[in-house]
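Contents: one structure, followed by commentary.
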Amino acid sequence: MKLAPKKHSKTLDYSGLTADELLVLLQQKDAEIETQNSVISHVNKQLKDVRSERDKYKAISDELLRLATIQRFAAKSEKTPNQINLFDEAEMEAAIDELVEQDAEAEDQQGANAETTASTKAKSKTRNRGFSTSLNRIRRELLLSDEDKKGASKIFFTKVKEELDFVPAQLNVIEIWQEKAVFDQGGADERIVAAARPVHPLGKCIATTSLLAYIITSKYADGLPLYRLDGMLARLGHQVGRNNMANWIIHLDNMFKPLITLARELQNQEQYIQVDETRLQVLKETGKTAQSDKWMWVTRGGPPDKPIVLFEYDPSRVGHVPLRLLDGFTGVLQADGYAGYAKICREAHITRIGCWDHARRKFVDASRAALSSGKKTKKAKPSKADIALGKIRKLYAIESKIEHLKADEKYKIRQELAMPILVELKDWLEANRSKVLKDSLTYKAINYTLGQWDALIAYCDFGFANISNALAENAIRPFAVGRRNWLCVSRRSDYVNDILLAA
């Protein structure tokens with residue numbers, strides 16, 4: 001039974017209650033106070049959690065905002081203010097030299113010293129301050145007048161300067177005249193013999209093969225849209241017309257197919273291929289809107305001394321595309337972390353290795369977006385992203401020192417020098433993943449690196465492989481540059497592979 005004091009006008013009267021009733025009343029009051037304190041504690045905890053979540057999302061949003069600002073307005077270099085050096089480069093070079101010397105001694109003990117001396121001399125190159133020796137040189141003499149040199153005992157020339165000259169391109173009309181000979185066959189019959197005409201890939205096309213090569217190079221290597229190229233040719237004296245150039249490119253596709261097929265077969269017969277893809281905005285693609293992403297794929301491989309780079313367009317990014325491009329390939333595939341390569345690697349028993357450039361860039365973004373005591377300077381305290389970058393730079397420093405070595409030598413050095421660094425890096429990433437804000441750029445960089453770990457360290461098992469997929473990315477760069485020039489590209493439905501026509 002709940003007791004209540006007698007109520008008067010202003011005060012509570014406890015005089016009529018017994019001692020037991022007062023004890024029960026006090027216990028009730030204590031219970032009410034305890035309940036209120038519990039509610040207050042719960043509310044304070046909820047408030048603390050809400051404030052913590054608010055601060056967390058505010059920190060992440062501020063970090064993303066800083067990164068977006070940096071990407072738009074700051075320099076594009078991946079160098080960061082806190083490029084801390086966490087290793088002794090001199091010791092590393094000495095270790096590499098020692099391993100190389102051990103290999104040389106194992107092959108030929110007697111000639112090891114001579115080979116080491118020769119390699120040392122080859123490294124010391126004098127700086128070339130002049131122009132390339134492959135350039136054509138034209139001598140231009142500044143002459144004295146007859147009056148100036150009258151009575152001179154000796155006349156000689158001295159080279160006082162070298163200048164780089166540019167000869168503008170020009171359009172010429174080549175008139176092709178065919179010589180013909182007439183032979184009398186007796187009576188009214190005659191036989192005419194004409195000189196052989198050179199074979200042209202497009203038959204009666206008005207453009208020479210050199211002009212076609214110039215258009216293709218300007219379009220695909222330099223990222224020039226056809227309308228801009230048409231204006232450049234018009235300034236040289238003749239407007240070719242971008243429709244004509246587009247049709248030439250389309251018809252050349254059929255001429256190049258046998259060569260591309262042969263190059264694809266040769267590429268897939270080798271042991272190492274790099275793959276990458278980039279977005280394109282293509283008009284008139286069946287089943288897709290103009291705003292949706294379509295893809296240009298690149299594969300780089302073939303003989304090490306004669307690498308082959310092939311491009312292929314596909315409106316999708318699903319797994320059947322690499323399955324088609326890598327038909328018959330059973331070697332080592334290097335690509336980014338895109339999951340679409342997993343199926344073909346599993347079905348064709350292809351070994352997949354990752355790209356450290358992709359992992360490093362995530363830490364670079366985290367480092368550039370992070371703030372330590374205000375604006376970052378060289379004296380600022382390094383962030384965890386900076387420390388991770390310092391460890392990753394060790395791997396790249398090793399690669400820069402061994403790039404001229406043979407595959408078996410690279411393999412040995414990577415196993416002895418790079419693998420311990422990788423083990424240390426993985427331990428550091430696992431230990432610090434829980435110490436950074438979840439969903440922050442640093443957390444995402446650590447998660448990505450650990451998620452791709454087996455693929456990222458696999459390059460150490462193959463001396464012929466690279467630490468990153470940069471060569472394939474550089475090969476596809478003209479399309480990334482072209483996106484800004486073309487704005488979009490148009491596809492002709494009659495030709496599957498011809499899509500790069502400026503809109």
Side-chain angles (χ1 to χ4, degrees), residues 41-42 44-71 74 77-89 92 336-339 354-398 417-460 467-468:
S41 297
H42 180 68
N44 287 335
K45 184 178 181 302
Q46 286 184 327
L47 182 59
K48 183 179 179 180
D49 293 341
V50 169
R51 287 174 176 173
S52 177
E53 287 292 314
R54 181 201 63 185
D55 294 340
K56 169 187 171 182
Y57 288 115
K58 184 177 184 302
I60 294 175
S61 62
D62 291 345
E63 186 180 49
L64 293 176
L65 179 61
R66 289 193 297 270
L67 178 61
T69 304
I70 290 171
Q71 290 176 337
S77 173
E78 293 186 357
K79 292 183 178 180
T80 57
N82 288 328
Q83 285 200 354
I84 52 179
N85 193 1
L86 301 181
F87 62 96
D88 192 333
E89 189 173 355
M92 184 191 66
D336 55 24
Y338 172 52
C355 173
W356 270 104
D357 275 10
H358 284 77
R360 184 189 64 184
R361 287 175 195 146
K362 295 183 182 299
F363 285 105
V364 170
D365 290 342
S367 174
R368 300 178 75 187
L371 288 181
S372 177
S373 302
K375 190 175 181 180
K376 296 190 77 172
T377 63
K378 292 184 178 180
K379 296 182 179 180
K381 181 181 178 181
S383 63
K384 292 191 180 299
D386 294 324
I387 297 175
L389 284 173
K391 296 178 181 295
I392 294 174
R393 288 191 188 101
K394 297 180 184 181
L395 304 174
Y396 280 86
I398 293 174
L417 296 183
M419 285 303 296
I421 298 174
L422 289 167
V423 172
E424 177 190 350
L425 175 59
K426 184 181 182 182
D427 293 340
W428 185 89
L429 293 173
E430 291 176 340
N432 286 272
R433 176 162 52 178
S434 59
K435 298 179 181 179
V436 296
L437 187 63
K438 191 175 181 180
D439 295 331
S440 65
L441 293 175
T442 303
Y443 182 87
K444 292 179 179 178
I446 294 176
N447 255 8
Y448 175 86
T449 305
L450 292 176
Q452 298 287 324
W453 189 256
D454 291 339
L456 288 174
I457 68 173
Y459 80 97
C460 293
I467 191 174
S468 73

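If you read the sequence from its start, that first residue is 1, and numbering goes on from there.
Residues satisfying the side chain to side chain contact (heavy atoms under 4.5 Å, CB included) criterion with L425, sequence neighbours excluded, are W356, K391, I392, L429, W453. In terms of the salt bridge (Lys or Arg N to Asp or Glu O under 4.0 Å) criterion, K48 has no residue partners (sequence neighbours excluded).
Residues L395 and Y459 are in side-chain contact: their nearest non-hydrogen atoms beyond the backbone lie under 4.5 Å apart. The closest side-chain heavy-atom distance from K384 to F363 is not below 4.5 Å. Within the 4.5 Å cutoff, no side-chain heavy atoms of K426 are placed close to those of L422. Side-chain contact between I398 and I421 is present, with at least one heavy-atom pair separated by less than 4.5 Å. When side chains are defined from C-beta on, Y396 counts as touching D357, because their heavy atoms get closer than 4.5 Å.
We find the OG-CZ distance between S468 and R360 to be 7.5 Å, quoted to the nearest 0.5 Å. Atom OG of S41 sits about 11.5 Å away from atom CD of Q46, to the nearest 0.5 Å. Interatomic distance, SG of C460 versus CD1 of I467, reported as 7.5 Å (0.5 Å rounding).
The two residues S367 and A385 make their nearest non-hydrogen contact at N-CB, 3.7 Å.
Side-chain contact check for S383 and D386: at least one donor-acceptor pair (N or O, by modelled atom type) lies under 3.5 Å. In this structure, a donor-acceptor pair under 3.5 Å is absent between the side chains of N432 and Y443.
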Which donor-acceptor pairs under 3.5 Å do side chains of residues 444-452 form with protein atoms, sequence neighbours excluded?
unit_1, atom_1, unit_2, atom_2, d
N447, OD1, R433, NH1, 3.0
T449, OG1, A445, O, 2.8

